[in-house]
Number of protein chains: 2
Amino acid sequence: MADNGAESGARRDRATTAEKLKDEAVRLFWEKGYAATTTREIAESLGVQRASLYYHIKSKEDLLYFICVESLNNIHTAVSKAISALTDPLDRVEAMIEAHVVSMLADREKHATMLTELRSLSDLRRAEIVQLRDEYESLVRSVLEEAQDAGVLWKGASAKELELALLNLLNWTIFWYRPNGELSPEDLAGLFKEVYLGGVART
Amino acid sequence: MADNGAESGARRDRATTAEKLKDEAVRLFWEKGYAATTTREIAESLGVQRASLYYHIKSKEDLLYFICVESLNNIHTAVSKAISALTDPLDRVEAMIEAHVVSMLADREKHATMLTELRSLSDLRRAEIVQLRDEYESLVRSVLEEAQDAGVLWKGASAKELELALLNLLNWTIFWYRPNGELSPEDLAGLFKEVYLGGVART
DNA sequence: GTCTATAGTGGGATAGAC
DNA sequence: GTCTATCCCACTATAGAC
């Protein structure tokens, strides 16, 4: 019942203050944006004084940075794992879509914050996150390219173009998905697989 | 009367200070985010003192509000116009995709700001913008639904689901499109039409 | 590990001259 | 329509007691 979101209520109760801090930060960053979220609000949500935060973190930017790293590691791991046991190229594409959508929506606030607040990081840290993101996108592209080479995906566009179109189709979901809405992450993954692979025209 | 209907290409050179102010604001809002952009920066970019801004606007939020209204009016008008002369349901879907992509990318910063900074508006103004957005989305949905009714689009998903999938595919483009990149807005519209209508699987 | 208190900076907006 | 000068507030982060 209270088990919505990626991390169960039970885990949250046992979480260290540092972990609760990160959970609260990601919630507020997604709700209001990084720049508009104040350390005062984060402290209030946790029921501690502002100064106490700085025992756990060095700066507000630390929170954003760790959120971005975790987000990309999580989705990269989830997708790698989902396709690792499969050999059929089209099966791998479908498993990738499913894992991407389910992982992204299970940890929706974290992924959304990573995808939209990159610009708020310092140059150095932003470059690090962009590299992690590029590595993940390379994985996606290679799975699509293998399917093209196997002759089961359209070759009228480059693998890069197929990757851009696929990530377009999947990622925008974070802006309108609601955990208690009509469509589950699995429903959405199914819809996107149909649309991406089969198209919607019926003549 | 003298101001009426000034939408020409030479508009920028003759733009009033109020118009230049809005142009500069949208550039900065998209680059750094609304909350992270200061009125000091906007004034500096225009080469005026901070206080001078307040002759033209009542508050910083005014700028965001007017940007959002313009953005939605522009894309709604562009798409309405593009489909108005067409009767074939599939032609209308294709023209809608083309007009949405070209309009969105021609005015990229404005649309991107509207789509990502809605949460920074006051409750009242946000509700107004959400309604404008809903009206545009209804137009998109009705075009898709007519094509379903005509038997030329897949009926395995609701018109609402087809709409969500289509806007996903198109809108995320604002995050990676670069005006001087390899792909023109027309190229991208073509790619998205192929992917959305025909799918990418080839068995 | 959390507290009280505050330093130090930068923010949006206004008053009134020209 | 733009200027100089300034108010007042909110922000991040730190110092040092407990």
Side-chain angles (χ1 to χ4, degrees), chain A residues 12-68 113 117-126, chain B residues 2-3 6 11-68 113 117-126:
Chain A
R12 252 185 116 124
D13 292 340
R14 281 187 278 105
T16 64
T17 303
E19 280 163 342
K20 278 190 257 181
L21 170 52
K22 210 159 42 181
D23 286 350
E24 200 52 38
V26 79
R27 198 182 65 74
L28 288 165
F29 289 170
W30 174 232
E31 189 187 321
K32 325 185 41 176
Y34 172 75
T37 300
T38 66
T39 52
R40 282 163 159 84
E41 288 171 297
I42 298 172
E44 249 174 62
S45 293
L46 291 172
V48 299
Q49 294 302 309
R50 294 189 282 286
S52 307
L53 302 178
Y54 292 90
Y55 175 81
H56 302 282
I57 54 165
K58 229 192 67 197
S59 70
K60 179 181 161 187
E61 199 205 306
D62 273 10
L63 288 167
L64 180 58
Y65 174 70
F66 293 128
I67 286 163
C68 289
T113 298
E117 296 288 354
L118 251 185
R119 62 185 168 194
S120 300
L121 285 174
S122 68
D123 288 353
L124 192 68
R125 285 177 150 180
R126 186 170 59 249
Chain B
D3 274 348
R11 189 182 73 80
R12 244 173 202 254
D13 293 336
R14 283 188 283 108
T16 64
T17 303
E19 282 163 340
K20 279 191 257 179
L21 170 53
K22 210 159 42 180
D23 285 350
E24 199 53 36
V26 79
R27 199 182 65 74
L28 287 165
F29 290 170
W30 174 232
E31 187 187 321
K32 324 185 42 177
Y34 172 76
T37 299
T38 66
T39 53
R40 284 163 160 81
E41 288 171 297
I42 298 172
E44 250 174 63
S45 293
L46 291 172
V48 298
Q49 294 302 311
R50 295 189 281 286
S52 307
L53 302 178
Y54 292 90
Y55 175 80
H56 302 282
I57 54 165
K58 230 191 67 197
S59 69
K60 177 181 162 187
E61 199 205 306
D62 273 10
L63 288 167
L64 180 58
Y65 174 71
F66 293 128
I67 286 163
C68 290
T113 298
E117 296 288 354
L118 251 184
R119 63 184 166 194
S120 300
L121 285 173
S122 69
D123 287 352
L124 192 67
R125 285 179 150 179
R126 185 170 60 249

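Letters A, B, ... are given to chains in the order of the sequence lines, protein chains preceding strands, and every chain is numbered from 1.
For the salt bridge (Lys or Arg N to Asp or Glu O under 4.0 Å) test, residues two or more places apart in sequence or in another chain that qualify with Lys22(A) are Glu70(A). By the side-chain contact (heavy atoms from CB on, under 4.5 Å) test, Tyr65(A) pairs with Val69(A), Leu121(A), Arg125(A), Glu128(A), Ile129(A), sequence neighbours left out. Residues meeting the side-chain hydrogen bond (donor to acceptor under 3.5 Å, both in side chains) test with Ser120(A), sequence neighbours left out: Glu117(A). Take Thr17(A) and apply the side-chain contact (heavy atoms from CB on, under 4.5 Å) test, not counting sequence neighbours, and it matches His56(A). The side-chain contact (heavy atoms from CB on, under 4.5 Å) check on Arg27(B) picks up Glu24(B), Glu31(B), Ser45(B), Glu109(B), with sequence neighbours excluded. Evaluation of the salt bridge (Lys or Arg N to Asp or Glu O under 4.0 Å) rule for Arg50(B) yields no partner, not counting sequence neighbours. Taking the side-chain contact (heavy atoms from CB on, under 4.5 Å) definition, one finds that Tyr54(B) meets it with Thr39(B), sequence neighbours left out.
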Taking Watson-Crick and G-U wobble contacts under 3.5 angstrom, with | marking pairs to another strand and [ ] crossing pairs, the secondary structure of DNA chain C is written ||||||||||||||||||
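A heavy atom closer than 4.0 Å to some atom of DNA chain C occurs in Arg50(B), Ala51(B), Tyr54(B), Ser59(B), Lys60(B), these being the qualifying members of residues 49-62 of chain B.
One can find a donor-acceptor pair under 3.5 Å joining the base of dG12(C) and the side-chain atoms of Arg40(B).
Residue pairs satisfying the salt bridge (Lys or Arg N to Asp or Glu O under 4.0 Å) criterion with at least one member in residues 38-48 of chain B, sequence neighbours excluded, are listed as follows: Lys32(B)-Glu41(B).
Comment: Asp123(A) engages Arg126(A) in a salt bridge, judged by a side-chain N to carboxylate O separation of less than 4.0 angstrom.
Of all nucleotides in DNA chain D, those with any atom nearer than 4.0 Å to a heavy atom of chain A start and finish, going 5' to 3', at dC11(D) to dA15(D).
Ile42(B) contributes atom CD1, which lies 13.0 Å from atom OG of Ser52(B) (distance to the nearest 0.5 angstrom).
Computed from coordinates, the Ile42(B) CD1 to dG10(C) P distance equals 18 Å when rounded to whole Å.
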